[in-house]
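As structure tokens, the structure follows; a few thoughts come after it.
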Number of protein chains: 2
Amino acid sequence: MNLSEKKREIIEKIGVFHEMKGFQPVVGRIMGLLMVAEPAEATFEEIQEELQVSKGAVSTALTVLQAKERVEYRTKPGERKRYFKLRIRDWKNDLKKEFDEVLNMESLINEIIELKENKESDFCCSLLEMKEFFMFMKNELPLLLKRFEATRK
Amino acid sequence: MNLSEKKREIIEKIGVFHEMKGFQPVVGRIMGLLMVAEPAEATFEEIQEELQVSKGAVSTALTVLQAKERVEYRTKPGERKRYFKLRIRDWKNDLKKEFDEVLNMESLINEIIELKENKESDFCCSLLEMKEFFMFMKNELPLLLKRFEATRK
DNA sequence: TAGCTAGTTCATAATTTTATGAACAAATAA
DNA sequence: TTATTTGTTCATAAAATTATGAACTAGCTA
């Protein structure tokens, strides 16, 4: 493999980025590695050597990544090694999931509003405004995605 | 204070929600408490009693929340106690910050693309498409916010 | 059959995060 | 002045997360 210093830095950066999203450190680093690797795949052994972590850690992380549908593998004829790669072509679906998650906050906000005895308070007015914003976004985000796709034809 | 069972449940729910965003447990619970409290504020002591945590934990968490501009306090004449409350009226600014953060991914994607020797690969094409999507969103999200505000007049 | 290769599993160790509580500070009250 | 209230700070404890490495499995290969 033998990556450049620059690539190693970016792996760390991508790693931290994914840690912020709740992934374990090794999981994030693997995503980073598969981002900068060229071609964009790596074997179990290459991952282990490049990231300097134990077999167990690599195995666990790859299991997580496959369960979350972020990584898949192919094999080559006559070889038993697996070549792991990011399912990056699914990025639009992942994004839709993220949108949904954020927008599910609307139902949480609703629960809070329902509990409030005084719905006229400043606080409650802000909550209502937030709720309306999320309803608005729920509508608009899919339209935005469609418009983006239209620009790509 | 003496909150209902339902409110305690929602505090936990909001707490977990914020843990997912990288906040410490107590920090998340305090945001939850200040969401459901009526009126929407609480003293140091009330927070400590309601959440059953130590003074140190409350103090540290409130420092974090104030540093991140999520919480502020007021005092009442003749009282030394502070009444902490969420700066919920700033929610639109917080949202803008979150938008920016997500969209900063564009520069990270760019760094990766620049490093690639073969820019014709399937992987690189997906990266380029992602990059274009984030550029598109960078443009459209502020417009969307404006349109939302227009509906509120 | 025995010996590799390519991983998986899991008890335990190392590390990091989070919470505690005692000692302290600063302001007010008595 | 001394006591009380309202917190803060920080060393240490407790808990949770993460990584290790040895033992294992399953499929080839010789």
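Computed from a predicted structure; not experimentally measured. In what follows, chains are A, B, ... by sequence order, proteins preceding strands, each numbered from 1.
Side-chain proximity of Lys55(B) to the nucleotides dT8(D), dT8(C), dT20(C) is greatest for dT8(D). Taking the side chain of Pro25(B) as heavy atoms from C-beta on, and the options dT20(D), dG7(D), dT18(C), the nearest nucleotide is dT18(C). When each of dG7(C), dT20(C), dT18(D) is scored by its nearest atom to the side-chain atoms of Ser54(B), the top-ranked nucleotide is dT20(C). Considering only side-chain atoms of Ala57(B), the nucleotide from dT9(D), dT20(D), dT20(C) that sits closest is dT20(C). The side chain of Val26(B) has dA19(C) as its nearest neighbour among dT20(C), dA19(D), dA19(C). For Lys81(A), whose side chain is taken as the heavy atoms from C-beta onward, the closest listed nucleotide among dG7(D), dA6(C), dT18(C) is dA6(C).
Spacing between atom CD of Gln24(B) and atom C1' of dA15(D) amounts to 14 Å, rounded to whole angstrom units. Taking atom NE2 on His18(B) and atom P on dT18(C), their separation rounds to 15 Å, with Å as the unit. Between the CD atom of Gln52(B) and the C1' atom of dT18(C) there is a distance of 17 Å, rounded to whole Å. Distance CZ (Phe23(A)) to C1' (dA19(D)): 19 Å, rounded to an integer number of Å. Residue Glu46(B) contributes atom CD, which lies 16 Å from atom P of dT5(D) at whole-angstrom precision. Distance Arg80(A) CZ to dG3(C) P: 17 Å, rounded to the nearest Å. Between Tyr73(A) atom OH and dA6(C) atom C1' the separation is 11 Å, expressed in whole Å. Here the C1' atom of nucleotide dT18(D) and the CD atom of Glu19(A) are 10 Å apart, to the nearest Å.
At the phosphate of dA27(C), neither OP1 nor OP2 sits under 4.0 Å from any side-chain N or O atom of Arg82(B).
For the pair Lys92(A) and Phe133(B), the NZ or CZ position fails the cation-pi test of under 6.0 Å to the six-membered ring centre and within 45 degrees of the ring normal. Taking the centre and axis of the six-membered ring of Phe44(A), the NZ or CZ atom of Lys81(A) falls outside the cone set by 45° and 6.0 Å.
A distance-only check finds a donor-acceptor pair linking the side chain of Glu46(B) to the backbone of Thr43(B) [under 3.5 Å]. Using modelled atom types, one side-chain atom of Glu38(A) and one backbone atom of Asn118(B) make a donor-acceptor pair closer than 3.5 Å.
In this structure, Tyr73(A) has its ring center closer than 6.0 angstrom to the ring center of Phe84(A).
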